[in-house]
**Student:** 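Below is the structure I would like to discuss, written out as structure tokens.
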Amino acid sequence: MRVAFDPGPRDGVPRIWRLDEDGAPAAAPETLADLAAVAALEKHEAPRWVFARARSYRRLLASGIDVGRAHDAELVEGLLVAAAGHFGQPHGLAAAGARLQGRTPDPDPPAVDDGPPALFDTAAPADELADLVAVHAAQQRALATAGPGMRLLAAAESAGMLVAEEMTAAGLPWRADVHDRLLVELLGPRPVLGGRPPKLAALAEAVDGAFGRPVNPDSPAEVLRAFARAGHELATTRSWELKQVDHPAVAPLLAYKELARLHSAHGWAWLRSWVRDGRFRPEYVVGGVVSGRWASRGGGALQIPKAMRAAVRADPGWRLVVADAAQLEPRMLAALSGDHALAPGDEDLYTALAAREFGGDRGKAKLALISAMYGQTTGGAAVLLATLRRRFPAAMAFVEDAARAGEQGRLVRSHLGRTCPSARPGDEQPAAARARGRFTRNFVVQATAAEWALVLLAELRGQLRAAGSPARLVFFQHDEVLLHAPAEVADATAAAVHAAAAAAGRRLFGDIPVRFPMQARVVEGYDER
DNA sequence: CGAACAGGCGCC
DNA sequence: AAAGGGCGCCTGTTCG
């Protein structure tokens with residue numbers, strides 16, 4: 001059974017509508033006394049809940065209610081709109097309803113972005129339950145004809161929404177005291193009145209000294225002028241370019257840039273803004289990246305520097321289970337292309353490939369595969385690619401077909417059917433066409449990896465719920481998951497991750513020899529190997 | 001004055 | 001040695 005759910009406005013009442021699998025109403029709409037009634041329904045009937053958007057589930061979580069299965073109409077609409085070749089068209093509930101009635105949809109309302117999500121809530125229109133039911137029914141019709149891949153993708157995307165909201169609610173354990181200690185070690189004591197911390201100030205002074213005049217190291221233009229005066233004409237101030245310059249300012253400047261980045265992006269201001277009560281609670285945007293990867297809002301959640309990861313520590317008596325998929329994208333390529341010899345087992349793929357084809361040079365093997373998937377042609381990649389083309393013709397043909405499709409302005413799709421954005425006016429120009437070819441080449445692999453990860457999350461969440469496990473998913477980053485678990489169930493949680501990874505591979509590709517191993521480690525701190 | 005853009009770099 | 005896919009977010013700079 002399915003149940004459409006409308007939380008109603010803040011001070012209003014929640015409403016539900018029982019539906020058949022195809023989305024047709026199975027009864028009259030009902031008004032609930034309170035949100036607790038949702039919990040009772042979940043306990044006794046465990047329906048698939050049809051939500052208009054993530055915020056509907058956020059309202060439930062705020063009341064301590066979680067559910068097992070969902071259909072997120074906004075996310076599914078985005079998948080269907082893209083599949084129809086209209087990527088980027090409005091896909092919120094209002095837009096979907098308008099499209100259903102043959103009207104031109106208005107742009108989606110802007111995402112609310114004014115602080116941590118738990119602290120605000122934008123009231124939905126008074127009664128959108130009827131719209132939700134109509135849109136959902138239309139989506140079920142579309143999914144019925146779209147095929148099993150799209151149906152799995154719609155379910156996984158919706159499960160991703162559940163995971164994302166629950167992760168935000170749970171928060172990533174974050175020790176402010178450890179973070180502060182790391183900052184003091186790297187930057188010196190926190191400056192009381194703002195300004196540069198001692199070590200940054202010292203490095204800036206060293207840069208001034210090396211140039212013989214004040215130079216703002218934060219201003220690329222000033223730095224370029226200073227080097228030019230010293231006889232070094234640079235195109236940029238990127239660190240790799242600076243490293244090739246023989247000048248006494250280079251060393252302090254590079255050190256400054258590294259520490260300044262930490263200070264500005266993950267310094268004391270970040271800590272104050274984003275960590276409350278021992279938790280970092282970013283908001284995850286499911287499907288926020290064209291490839292289906294998640295984006296995040298607030299705190300740069302998907303760019304936590306390695307240098308700060310020691311601040312992520314389990315609560316006393318708890319552990320972190322840190323699991324990341326090994327060489328996920330080349331394994332996806334092996335599965336997608338049917339070139340299974342590319343990924344023969346569980347062992348490190350690059351090392352194995354290097355032993356067979358690249359004289360044991362793992363770096364070469366990695367560069368070759370990265371180049372194949374990203375479309376790199378320069379910097380010595382060409383000779384490596386020739387080796388790949390000879391040994392793995394099907395895999396290379398797969399990415400090259402995808403690149404050609406992009407160059408010709410055609411759409412490409414992931415394994416389950418996520419569709420890339422359409423070509424834009426101007427993309428037929430040679431340089432733009434090549435760029436689009438690189439994009440579509442990468443899209444097929446990255447988007448399929450993203451949906452594998454999505455199915456993994458859904459499987460893992462399902463396993464943990466079925467087992468009544470107290471372990472919680474607390475972080476997800478493309479091919480890596482973190483769980484927070486009581487020490488006594490940490491090993492079982494790691495085992496659940498392995499099982500979920502295997503299940504995700506089967507859900508996508510059936511019984512093939514390619515493996516998608518996840519290395520799971522049980523640690524107290526995220527920095528521990 | 002704020003908005004928009006560019007340069008740069010963190011992560012995958 | 002230094003280029004190719006996807007992001008978010010900081011600072012500096014320019015523009016209106």
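Below, read A as the first sequence line, B as the second, and so on, with proteins coming before strands; counting in each chain starts at 1.
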**Student:** Could you tell me whether the side-chain ring of A/Tyr374 sits stacked on the base of C/dG5, using a centroid cut-off under 5.5 Å and a plane angle under 30°?
**Tutor:**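 Yes; by the centre-distance and plane-angle rule, A/Tyr374 counts as stacking on C/dG5.
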
**Student:** Return the angle between end axes of the helix from B/dC1-C/dG16 to B/dC12-C/dG5, with five pairs used per end and rounding to 10°.
**Tutor:**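 One end axis against the other gives 10°.
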
**Student:** Between residues 214-248 of chain A and DNA chain B, which residues have a heavy-atom gap below 4.0 Å?
**Tutor:**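 The stretch gives A/Pro220, A/Thr236, A/Thr237, A/Arg238, A/Ser239 as the residues lying under 4.0 Å from the strand, ordered by number.
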
**Student:** Whole Å only: how far is the NE2 atom of A/His266 from the C1' atom of C/dC10?
**Tutor:**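 Computing the A/His266:NE2 to C/dC10:C1' distance gives 11 Å.
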
**Student:** Within a radius of less than 6.0 Å around NE2 of A/His498, do more than 12 heavy atoms belonging to other residues, nucleotides or ligands occur?
**Tutor:**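 Atom NE2 in A/His498 is packed in, count exceeds 12.
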
**Student:** Closer than 3.5 angstrom, by distance alone: can the side chain of A/Thr440 be matched with the main-chain N or O of A/Gly437 as a donor-acceptor pair?
**Tutor:**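 Side chain of A/Thr440 to backbone of A/Gly437, a donor-acceptor pair under 3.5 Å: yes, one is there.
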
**Student:** Touch check for A/Gln477, heavy atoms < 4.0 angstrom, all strands: base, sugar-phosphate only, or nothing?
**Tutor:**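 Sugar-phosphate contact only.
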
**Student:** Sequence neighbours excluded and cut-off under 3.5 Å, please list the side-chain donor-acceptor pairs for residues 190-198 of chain A, or say none.
**Tutor:**
from, atom 1, to, atom 2, distance (Å)
A/Arg196, NE, A/Tyr256, OH, 3.1
A/Arg196, NH2, A/Tyr256, OH, 3.4

**Student:** Does atom CD (A/Gln408) have a neighbourhood of more than 12 heavy atoms from anything else shown, all under 6.0 Å?
**Tutor:**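 Yes - once you tally the heavy atoms of other residues, nucleotides and ligands closer than 6.0 Å, there are more than 12.
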
**Student:** Using the ring centroid of each side chain, check whether A/His415 and A/Trp452 are separated by less than 6.0 Å.
**Tutor:**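 For A/His415 and A/Trp452, the ring centres are not under 6.0 Å apart.
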
**Student:** Considering every strand and a 4.0 Å limit on heavy-atom distances, what is the contact class for A/Ile304: base, sugar-phosphate, or nothing?
**Tutor:**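 The answer is sugar-phosphate, as A/Ile304 gets under 4.0 Å only of primed atoms, P, OP1 or OP2.
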
**Student:** Whether A/Lys364 contacts C/dA1 is assessed here as follows: a side-chain N or O lying under 4.0 Å from the phosphate OP1 or OP2. Is that the case?
**Tutor:**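 Answer no for this pair, as no side-chain N or O of A/Lys364 is under 4.0 Å from OP1 or OP2.
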
**Student:** So does A/Arg507 have more than 12 non-hydrogen atoms from other groups sitting under 6.0 Å from CZ?
**Tutor:**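 It does not: A/Arg507 CZ has 12 such atoms or fewer within range.
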
**Student:** Please classify the nucleic acid contact of A/Gly299 as base, sugar-phosphate, or nothing, using heavy-atom distances under 4.0 Å.
**Tutor:**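 Counting heavy atoms under 4.0 Å across all strands, the contact made by A/Gly299 is with sugar-phosphate only.
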
**Student:** Donor-acceptor pair under 3.5 Å: do we get one between A/Arg293's side chain and the base of B/dC12?
**Tutor:**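 Side chain to base: pair present.
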
**Student:** Students often get this wrong, so: under 4.0 angstrom with heavy atoms, is A/Val290 touching a base, only sugar-phosphate, or nothing?
**Tutor:**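 Here A/Val290 touches the backbone only, sparing every base.
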
**Student:** Does any non-hydrogen side-chain atom of A/Trp270 lie less than 4.5 Å from one of A/His179?
**Tutor:**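 SC-SC contact between A/His179 and A/Trp270 confirmed.
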
**Student:** Could you check whether A/Arg434 gets within reach of a base, just the sugar-phosphate, or nothing at all, counting any heavy atom under 4.0 Å?
**Tutor:**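 Counting heavy atoms under 4.0 Å across all strands, no contact is made by A/Arg434.
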
**Student:** Determine whether any donor atom in the side chain of A/Gln303 lies under 3.5 Å from an acceptor atom in the base of C/dG8, or the reverse, and answer yes or no.
**Tutor:**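 Indeed there is one.
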
**Student:** Any donor-acceptor pair under 3.5 Å linking the side chain of A/Arg319 with the backbone of A/Arg521?
**Tutor:**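 Checking the backbone N and O of A/Arg521 against the side chain of A/Arg319, no donor-acceptor pair under 3.5 Å is found.
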
**Student:** Give a yes or no on whether A/Glu258 atom CD has more than 12 heavy-atom contacts from other residues, nucleotides or ligands under 6.0 Å away.
**Tutor:**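 Counting other residues, nucleotides and ligands, CD of A/Glu258 stays at 12 neighbours or fewer.
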
**Student:** Starting the side chain at C-beta, find the nucleotide from C/dG5, C/dA3, C/dC7 nearest to A/Gln446.
**Tutor:**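 Ranking C/dG5, C/dA3, C/dC7 by closest atom to the A/Gln446 side chain puts C/dG5 first.
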
**Student:** Closest nucleotide of DNA chain C for A/Ser291 versus for A/Gly300: which of these residues is on the 5' side?
**Tutor:**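 The 5'-side residue here is A/Ser291.
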
**Student:** A/Ser371 near the nucleic acid: base, sugar-phosphate alone, or nothing, with a heavy-atom cut-off under 4.0 Å?
**Tutor:**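 No contact.
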
